[in-house]
Amino acid sequence: MEPPGVVVHGEAAPFSTALRSLINNPRYSDVCFVVGQEQREVFAHRCLLACRCNFFQRLLGVEQGPGAPSPVVLNTVPAEAFLAVLEFLYTNSVKLHHHSVLEVLTAAVEYGLEELRELCLEFVVKVLDVELVCEALQVAVTFGLVPLQERCMTFIETHSQEVLRTRGFLELSAAALLPLLRSDKLCVDEAELIRAARSWARVGAAVLERPMAEVAAPVVRELRLALLAPAELSVLEEQNRREPLIPAEQIVEAWKCHALRRGDAAQGASCRRRRGTLSREHHRFLELPFK
């Protein structure tokens, strides 16, 4: 009996370089994608995509009719992110960028590419900053990426004031904003957090063409009005009449805390101080420990 053969390996780099030359190369390609809102044509090779990714195996497994095959339209993934996915599928490596890594991560999740997803997550954690963190939080909440969500929350809790001033904060969904408003570790005073929530709701109302109070309803109960001083609460109440955001009964509960000088008068509304809560004279009556 002939002895079993031995697998020997050649140089990996030349092999990877050769495959890289095929990315988006119309020569020898047998499938064309039209990707992104820009409808950019991207060329690829069916057999390679199908053997590397079950998503493409299913997508490209449909028998084509006679004549030239029709382009495959993928209009939800930006061209740059799709090319990064192809780079990974062809070479098992990928060059990631701060400005597009979350789009690549989203594509990796949607296409079931777990190894690429993990590479993106590692990169995001390394480059996480004030401008990126809210968008990363949104992706984490959307796709249930719990470790990334926890990392984003920790970053936001440390850099709360800077994050509240970003465009990314204004674009958060209610589902992504909710755990943020529930945090006791935010380094921001409640008055500033309420202003940020109003700005968020104002933007959401304009985009969704819905009343501010309706947009804010899923999250506004997490605002801790009892932490405000009476004068601040009066100003908030007047502003709320002009631009409804907070239910009237929630403001009444906060006034009860002042009138009765007890935190439990809030009837379930949270009045714990956050890490960044500024001290006010009435806090001693509420007996509010820092969490």
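None of the values given here were measured: they were computed from a predicted structure. Only heavy atoms go into these numbers, but all of them, side chains included; no hydrogens, no water, no symmetry mates.
With a 4.5 Å cut-off on side-chain heavy atoms, L59 and L49 do not count as touching. Between L83 and R40, some side-chain heavy-atom pair lies under the 4.5 Å cut-off. No side-chain heavy atom of N240 sits under 4.5 Å from any side-chain heavy atom of E237. When side chains are defined from C-beta on, C257 does not count as touching H282, because their heavy atoms never get closer than 4.5 Å. Counting only heavy atoms from C-beta outward, the side chains of V220 and P247 approach each other to under 4.5 Å. The closest side-chain heavy-atom distance from L172 to V141 is not below 4.5 Å. With contacts defined as side-chain heavy-atom distances shorter than 4.5 Å, the pair S234/W255 qualifies. L228 places a side-chain heavy atom less than 4.5 Å from the side chain of I194.
Note that the CZ atom of F33 and the CG atom of N24 stand 11.0 Å from one another [nearest 0.5 Å]. We find the CG-CD distance between L164 and E192 to be 6.0 Å, quoted to the nearest 0.5 Å. Going from atom OH of Y28 over to atom CG of L22 covers 9.0 Å, rounded to the nearest 0.5 Å. From L225, atom CG reaches atom CD of Q250 across 4.5 Å, with rounding to the nearest 0.5 Å. The NE2 atom of H283 sits 6.5 Å away from atom OG1 of T277, with the distance rounded to the nearest 0.5 Å. For the atom pair L180 CG and I156 CD1, the distance stands at 5.0 Å (nearest 0.5 Å).
F43 and Y90 fall into different hydrophobic clusters, where Ile, Leu, Val, Met, Phe, Trp and Tyr are joined by side-chain heavy atoms under 4.5 Å apart, directly or via other members. Linking ILVMFWY side-chain heavy atoms closer than 4.5 Å, directly or via other members, places V125 and V139 in two distinct hydrophobic clusters. In the hydrophobic cluster analysis, where Ile, Leu, Val, Met, Phe, Trp and Tyr join through side-chain heavy atoms closer than 4.5 angstrom, W200 is grouped together with V207. L193 and V235 fall into different hydrophobic clusters, where Ile, Leu, Val, Met, Phe, Trp and Tyr are joined by side-chain heavy atoms under 4.5 Å apart, directly or via other members. Under a hydrophobic clustering in which Ile, Leu, Val, Met, Phe, Trp and Tyr are joined whenever their side-chain heavy atoms come within less than 4.5 Å, directly or via other members, V31 and L19 fall into the same cluster.
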### Task
Give the intermediate values and the outcome of side chain to side chain contact (heavy atoms under 4.5 Å, CB included) for residues L113 and L89.
CA-CA 9 Å; L113 297 170; L89 294 178; 3.8 Å; yes
### Task
Start with the C-alpha distance between E162 and R165, add both sets of side-chain angles, then the distance that settles salt bridge (charged side-chain N to carboxylate O under 4.0 Å, His left out), and finish with yes or no.
CA-CA 6 Å; E162 300 96 313; R165 293 193 287 266; 5.2 Å; no
### Query
So V188 and V163, side chain to side chain contact (heavy atoms under 4.5 Å, CB included) or not? Walk me through it.
CA-CA 10 Å; V188 64; V163 171; over 6 Å; no
### Message
Run the side chain to side chain contact (heavy atoms under 4.5 Å, CB included) test on V203 and E171 for me, step by step, so that the C-alpha distance in whole Å, both residues' side-chain angles and the decisive distance to 0.1 Å come before the verdict.
### Response
CA-CA 8 Å; V203 170; E171 294 177 347; 5.6 Å; no
### Message
Could you walk me through whether E214 and L208 satisfy the side chain to side chain contact (heavy atoms under 4.5 Å, CB included) test, starting with their C-alpha distance in whole Å, then the side-chain angles of each, then the deciding distance to 0.1 Å, before giving a yes or no?
### Response
CA-CA 10 Å; E214 182 180 330; L208 300 174; over 6 Å; no
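At most 12 non-hydrogen atoms from other residues, nucleotides or ligands lie less than 6.0 angstrom from CD of Q39. When the shell of 6.0 Å around CD of Q149 is examined, it contains more than 12 heavy atoms from other residues, nucleotides or ligands. Other residues, nucleotides and ligands place no more than 12 heavy atoms under 6.0 Å from the CD atom of E11. The number of heavy atoms from other shown groups lying within 6.0 Å of CD (E249) is above 12. The environment of R151 atom CZ is sparse: at most 12 non-hydrogen atoms of other residues, nucleotides or ligands sit within 6.0 angstrom.
Between R52 and E115, no side-chain nitrogen of the basic residue sits less than 4.0 Å from a carboxylate oxygen of the acidic one, so the salt-bridge criterion is not met. In summary, R275 and E157 do not engage in a salt bridge, as defined by a charged side-chain N under 4.0 Å from a carboxylate O. Note on E238 versus R241: salt bridge recorded, some NZ/NE/NH1/NH2 to OD/OE distance being below 4.0 Å.
Between F55 and Y111, the ring-plane angle classifies as parallel under the 30° and 60° cut-offs. Using bins of under 30°, 30° to 60° and over 60° for the plane-to-plane angle, the ring pair H159/F155 lands in the parallel bin.
Residues L102 and A136 approach most closely at CD1-N, 3.5 Å, considering heavy atoms. Nearest heavy atom pair, residue A176 against residue L137, reads O-CD2, 3.7 Å. Of all non-hydrogen atoms in E38 and A79, the two that sit nearest each other are OE2-CB, 3.2 Å. Residues R198 and E243 approach most closely at NH1-O, 2.8 Å, considering heavy atoms. Between L74 and F56, the shortest heavy-atom distance links the atoms CD1-CE2, 4.5 Å. Of all the heavy atoms in H98 and F123, the pair that sits closest is N-CE2, 3.9 Å.
Using modelled atom types, no side-chain atom of S100 and backbone atom of L96 make a donor-acceptor pair closer than 3.5 Å. With R46 contributing its side chain and D30 its backbone, the two residues share a donor-acceptor pair below 3.5 Å.
A donor atom on one side chain and an acceptor atom on the other are not found under 3.5 Å apart for H97 and E80. In summary, the side chains of T106 and E110 do not present any donor paired with an acceptor at a separation below 3.5 Å, with no hydrogens or angles considered. For the 3.5 Å distance criterion, the side chains of S173 and Q138 qualify, holding a donor opposite an acceptor.
Each of R273, R274, R280 was compared with D189 under the side-chain hydrogen bond (donor to acceptor under 3.5 Å, both in side chains) criterion, and only R280 meets it.
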